[in-house]
2 protein chains.
Amino acid sequence: MTEPAAMLRIGEAAQRAGVSERTLRYYEEIGLLVPAGHSTGGCREYGAEELARVQQIRELQELIGLNLEEIRNVVTREDRIGALRDAYRRTESPSERHELLLEALEVTEALHSRVAAKVARIEEFRDDLAERIERYRSLLAEEAAAPAPSPA
Amino acid sequence: MTEPAAMLRIGEAAQRAGVSERTLRYYEEIGLLVPAGHSTGGCREYGAEELARVQQIRELQELIGLNLEEIRNVVTREDRIGALRDAYRRTESPSERHELLLEALEVTEALHSRVAAKVARIEEFRDDLAERIERYRSLLAEEAAAPAPSPA
DNA sequence: GTCTGGGTTCACGTTGACGTAAGATGTAAG
DNA sequence: CTTACATCTTACGTCAACGTGAACCCAGAC
């Protein structure tokens, strides 16, 4: 189990993730995404986990509208949770684990309520649009039923 | 009716709208928001309608994630619809009115489907977050029930 | 009067999130 | 080994959406 898992170099990785190579390097530059490893010659290598993270970053960016610094706060928190998961049984310290869990819960709840608020507003907006569409439709129907003044 | 409607100068207007004065001037510069009028001395004057538009712009920007050019496409379209509404009975030309209505419908539907798609994705995201919160909660509950190793 | 306290118009500065080009180096194929 | 292409680092360029002066104007309080 746990095979070498087919690492991708930056070109392939970028293509699969739907971003540019520059973007991957930039994410690394600002501490958002560290490649899984490097080849002997120094080429970055990305695995499935990194691709998933890029996906997550893009969602937070485009969907939620966070900037990359806010996103870094979120994902580094998640990294620590991930570390917790890894060292789950060989527990560092139970109290520390407890703290991390509490922190994870808190941060996730904060993000959740933020997202929920946004959902509420955007749904309202969507419904307003739907209403307007209906109004336009009924205006058009009205027009079709009305005695259209024949040209000249 | 239709009182003078208490025009605001840029300072007040910006404060009420929750943006900077620079932002209002910038919106004007790129043709997004024309002040309702000017004082004799040349000061911009904004009314309730303009404040509402700023509100709308910010929603499209922050909520939907449109850039100001896309927003301009939307609001100028709406301006034309507004003009249609104004000249509703003293119809310019019925066929022109028809065209405008069709266009308005089309554009609004496009925006609506875009927003709807975004709502779907963001709801999914929100639900994922909710799930994770549940997992954290149950982990904490588990921990509380487990035989916590008493210190020393 | 003049003295603030908003305004005005340029016009250059800034910041985030990359794009892009240069020159050196790695990697896979023949 | 050479050739060809992918990647590397370094560093300057770009674009949207404003921020931030500088220098001038104008209305009301004193």
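Keep in mind that this is a model prediction, so the values were computed, not measured. Lettering of chains follows the sequences in order, A, B, ..., and the numbering in each one begins at 1.
- Under a 4.0 Å N-O distance rule, the pair B/Glu49/B/Arg53 does not qualify as a salt bridge.
- Rounded to whole angstrom, the span from the CD1 atom of A/Ile30 across to the P atom of C/dA17 amounts to 7 Å.
- In this structure, CD1 of A/Ile10 is placed 19 Å from P of C/dT25, rounded to the nearest angstrom.
- Atom CD1 in A/Ile71 sits about 12 Å away from atom C1' in C/dG16, given to the nearest Å.
- Whole-Å rounding puts the A/Glu29 CD to C/dG16 P distance at 13 Å.
- Look at CE on A/Met7: it is 16 Å from P on D/dT7, rounded to the nearest Å.
- Counted within 6.0 Å of CD on A/Glu62, heavy atoms from surrounding residues, nucleotides or ligands total more than 12; the atom is thus considered enclosed.
- Of the side-chain N and O atoms in A/Arg72, none sit less than 4.0 angstrom from OP1 or OP2 of C/dA17.
- Distances shorter than 4.0 Å separate none of the side-chain N or O atoms of B/Ser39 from OP1 or OP2 on C/dT8.
- One finds a salt bridge joining B/Glu29 and B/Arg22 here, because a Lys/Arg side-chain nitrogen approaches an Asp/Glu carboxylate oxygen to under 4.0 Å.
- Ion pairing between B/Arg137 and A/Glu109 holds under the 4.0 Å rule for side-chain N and carboxylate O.
- Here A/Arg9 does not reach the OP1 or OP2 of C/dT27: none of its side-chain N or O atoms lies under 4.0 Å away.
- Using a cut-off of 4.0 Å between Lys/Arg side-chain N and Asp/Glu carboxylate O, A/Arg114 and A/Glu70 are scored as salt-bridged.
- Distance A/Asn67 CG to D/dA17 C1': 14 Å, rounded to the nearest Å.
- One atom, NE2 of A/His38, and another, P of C/dG26, lie 14 Å apart when rounded to the nearest Å.
- The distance from atom CD of B/Glu69 to atom C1' of D/dA16 is 11 Å, rounded to the nearest whole Å.
- Between the A/Glu123 side chain and the A/Ala120 main chain, no donor and acceptor come within less than 3.5 Å of each other.
- A single hydrophobic cluster is not seen to contain both A/Val34 and A/Val75; linkage of ILVMFWY side chains at heavy-atom distances under 4.5 Å, directly or through other members, places them apart.
- DNA chain C lies under 4.0 Å from at least one heavy atom of each of the following residues of residues 11-27 of chain A: A/Ser20, A/Arg22, A/Thr23, A/Tyr26, A/Tyr27.
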